[in-house]
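To start, the structure itself, in structure tokens.
Values below: every heavy atom of this structure, side chains too, minus hydrogens, waters and symmetry copies. Quick note on labels: first sequence line is chain A, next is B, and so on, each numbered from 1.
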2 protein chains.
Amino acid sequence: MHAAVLRYFDHVARHGSIRKAADALSVASSAVNRQILRLEDELGVTLFERGRQGVRPTAAGELLLRHVRETQNEYQRMRAEIASLGGTVSGDVRIISLESLLVRFLPLVVQEMSVKHPQVTFTVLAVHPSEISEALRSGDNDFGVLFVDNRHRGIDVVAEFPTAVGALMRPDHPLAGRKSLTLTECVGHPVVMLQDRWLLDAIMATEFADSGARLSPRIVSNSIEFMRQVIKSGLGIGFFTPVGFLEEVRRGELVHVPLAEPGLAQSRIGILVPRYRRLSPPARLMIDHISERLRSFDDFLAAPVRPALRSTSRPAQRRAKSRSKA
Amino acid sequence: MHAAVLRYFDHVARHGSIRKAADALSVASSAVNRQILRLEDELGVTLFERGRQGVRPTAAGELLLRHVRETQNEYQRMRAEIASLGGTVSGDVRIISLESLLVRFLPLVVQEMSVKHPQVTFTVLAVHPSEISEALRSGDNDFGVLFVDNRHRGIDVVAEFPTAVGALMRPDHPLAGRKSLTLTECVGHPVVMLQDRWLLDAIMATEFADSGARLSPRIVSNSIEFMRQVIKSGLGIGFFTPVGFLEEVRRGELVHVPLAEPGLAQSRIGILVPRYRRLSPPARLMIDHISERLRSFDDFLAAPVRPALRSTSRPAQRRAKSRSKA
DNA sequence: CGCCGGCGATGCCGAAATGGCAGCGTGCCG
DNA sequence: CGGCACGCTGCCATTTCGGCATCGCCGGCG
């Protein structure tokens with residue numbers, strides 16, 4: 001429906017080069033070039049600065065770019081809305097997430113969703129913590145499943161759930177019997193750590209730093225899967241939320257001991273949505289489904305800690321504080 | 001830039017007929033028709049119900065319509081934004097207003113604005129009170145200059161100014177010497193009234209009813225200009241905000257005596273903007289300008305009442321409570 | 001009852017827009 | 001200096017779009 005020039009312009013901006021964009025679009029570069037020139041003529045401004053190394057949007061180009069992307073996003077959302085009028089939900093749901101949730105949790109909910117709504121497609125991306133704000137604000141993604149971080153402006157938390165960041169280890173580890181741990185208590189034990197603060201968002205990073213704990217990493221990696229295997233083989237302790245390791249903990253292959261540091265024990269996973277974003281029907285359904293799933297895991301996630309401290313009363317208190325709307 | 005089919009679709013929906021739309025667009029009806037058919041084929045849904053008397057959007061058509069209009073509005077706003085990058089402000093500012101402001105006040109500010117920014121065009125419409133909400137929400141208009149009515153949902157008041165609704169009469173009228181009046185005090189005097197609640201919004205209507213005052217209208221009309229002349233010729237009292245009659249009051253041709261009823265004395269004129277609407281640069285400038293103008297009238301508008309009641313202290317207190325942003 | 005007028009849909013044709021191909025000029029880099 | 005990637009342009013084929021005439025349909029009116 002929309003003019004091809006919208007897609008062309010978007011691609012040129014993304015690739016920073018007319019030829020690259022034309023290549024990605026599978027059209028001749030001349031065609032793309034002429035559309036851009038025609039557009040500049042129509043608006044009476046130059047939209048790209050032509051450098052020796054490609055093109056870069058001018059201020060006017062940036063404004064147009066925002067309009068174009070917004071239009072395309074809204075178009076997709078509207079198509080999904082129309083499709084859902086006929087009863088069958090369809091469209092693409094774009095999610096950004098913590099990598100630890102990408103490994104187990106999100107595949108599960110995506111699969112469950114796919115069974116219920118076969119027409120829905122999914123784009124699930126792990127993002128570097130420094131790019132979360134941009135990824136949510138750009139309008140390219142519907143929502144994020146991330147650690148709640150109230151430093152983000154213009155982003156709403158539509159549902160959040162407590163999760164206890166803790167130490168993951170084999171059942172035969174010396175610390176495996178503990179009900180909770182401080183980071184300082186882990187000093188001396190071999191630790192496997194994530195490289196480059198991946199997964200550990202800023203909250204945790206400062207907490208780890210503030211504790212003064214000089215943890216000695218025996219193994220450093222940026223692969224969750226690698227760390228999973230390393231921990232399973234008893235090479236050290238890892239620090240994670242348990243959501244990505246539910247199966248291992250259930251089967252007794254690993255033990256998750258929550259950390260006592262307040263900033264970590266009270267950390268929360270939330271569904272983060274750019275404020276004012278209109279969600280497509282499948283995105284709304286997906287948010288509801290994830291909320292439900294997280295809530296159903298909640299007892300399991302939180303139970304190992306709190307009931308042990310609060311003796312008898314309220315033995316399995318529901319602690320999810322969903323603010324999801326109907 | 002945008003595909004012609006957007007404009008076609010919009011026009012067809014507005015006119016409720018393909019041929020009418022084609023006529024308004026100055027293209028052949030077949031061209032319009034085929035574009036609509038192609039669009040329906042592309043989306044896989046029928047967008048219009050073909051009746052004997054033209055076409056009417058289906059549910060899917062309504063969704064698409066919203067997207068199309070939003071896209072067009074945003075495009076216009078973006079063009080204005082780009083144009084203002086070059087220093088010269090341009091674009092169209094769409095305002096809805098009370099009819100009483102249309103007669104004197106808005107022509108003044110529009111003229112002042114036109115001098116400063118010749119490239120800016122204006123669309124100023126009087127709307128029936130029952131259509132205010134729809135007119136603001138539709139996205140067709142930038143803002144309204146109206147009586148503040150907090151029953152509107154999703155509409156923000158970016159600036160508001162007290163205005164004293166009062167009785168307008170000739171200086172030789174028996175009540176002309178009064179500092180303030182109640183409606184019951186007006187009983188017995190001939191009154192000129194607006195037909196069909198035009199201008200008087202619901203607040204005033206109820207106030208007039210609640211007061212129990214049985215005012216005897218000698219003349220009823222729906223034309224402000226007609227009533228102005230009638231009042232000037234001494235045929236009766238009219239009830240208005242003074243903004244539309246500033247010149248006459250200044251020249252001493254008419255006297256404006258504020259009404260004592262709290263709901264009327266404390267009525268406010270405000271600039272009402274649809275929440276979440278992004279304003280074009282000229283619209284922002286126009287809002288600022290109107291705010292300033294209203295504020296500069298404020299002393300004049302409010303002074304006749306309050307200083308007289310509060311004797312010495314705070315003789316000419318500024319009472320504008322602008323919440324306009326820079 | 002039949003005619004007329006308005007409606008949307010369609011076939012046909014010329015005009016305009018779009019895209020593909022080849023080639024130009026230019027600046028960067030080894 | 002020669003390759004290389006860049007944006008740009010002339011030429012031609014293809015696709016799309018719009019105008020015109022026409023069809024089928026239906027309601028209103030004489």
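Evaluation of the side-chain hydrogen bond (donor to acceptor under 3.5 Å, both in side chains) rule for A/Glu70 yields B/Arg278 as partners, not counting sequence neighbours. For A/His67, the ring pair (Phe, Tyr, Trp, His ring centres under 6.0 Å) partners two or more places apart in sequence, or in a different chain, are B/His2, B/Tyr75. Evaluation of the salt bridge (Lys or Arg N to Asp or Glu O under 4.0 Å) rule for A/Arg277 yields A/Asp142 as partners, not counting sequence neighbours. The salt bridge (Lys or Arg N to Asp or Glu O under 4.0 Å) search around B/Glu62 returns none, not counting sequence neighbours. The ring pair (Phe, Tyr, Trp, His ring centres under 6.0 Å) test applied to B/Phe48 returns B/Phe9, not counting sequence neighbours.
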Taking protein heavy atoms under 4.0 Å as touching, what does nucleotides 11-28 of chain C look like 5' to 3' if B marks base contact, S marks sugar-phosphate-only contact and - marks none? BB-----SBBB-B---SS
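Using a cutoff of 4.0 Å between basic side-chain nitrogens and carboxylate oxygens, A/Arg69 and A/Asp10 are scored as salt-bridged.
Residues in residues 32-44 of chain B take part in these salt bridge (charged side-chain N to carboxylate O under 4.0 Å, His left out) pairs, two or more places apart or across chains: B/Glu40-B/Arg50. Here ring pair (Phe, Tyr, Trp, His ring centres under 6.0 Å) pairs that include residues 24-46 of chain A, with residues two or more places apart or in two chains, number zero. Identified under the salt bridge (charged side-chain N to carboxylate O under 4.0 Å, His left out) test for residues 81-91 of chain A, with sequence neighbours left out: A/Arg77-A/Glu81, A/Glu81-A/Arg284.
Taking a heavy-atom distance under 4.0 Å as the criterion, the stretch of DNA chain D touched by chain A extends 5' to 3' from D/dC6 to D/dC11.
Side-chain N/O atoms of B/Lys20 include one lying less than 4.0 angstrom from OP1 or OP2 on C/dC7.
Taking atom CD on B/Glu40 and atom P on C/dG8, their separation rounds to 12 Å, with Å as the unit.
Nucleic acid contact class of B/Leu37 (heavy atoms, under 4.0 Å, all strands): sugar-phosphate only.
In the helix from C/dC1-D/dG30 to C/dG30-D/dC1, the rotation axis of the first five pairs and that of the last five pairs differ in direction by 10°, rounded to 10 degrees.
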Check: residues 20-27 of chain A side-chain donor-acceptor pairs under 3.5 Å, at least two apart:
none

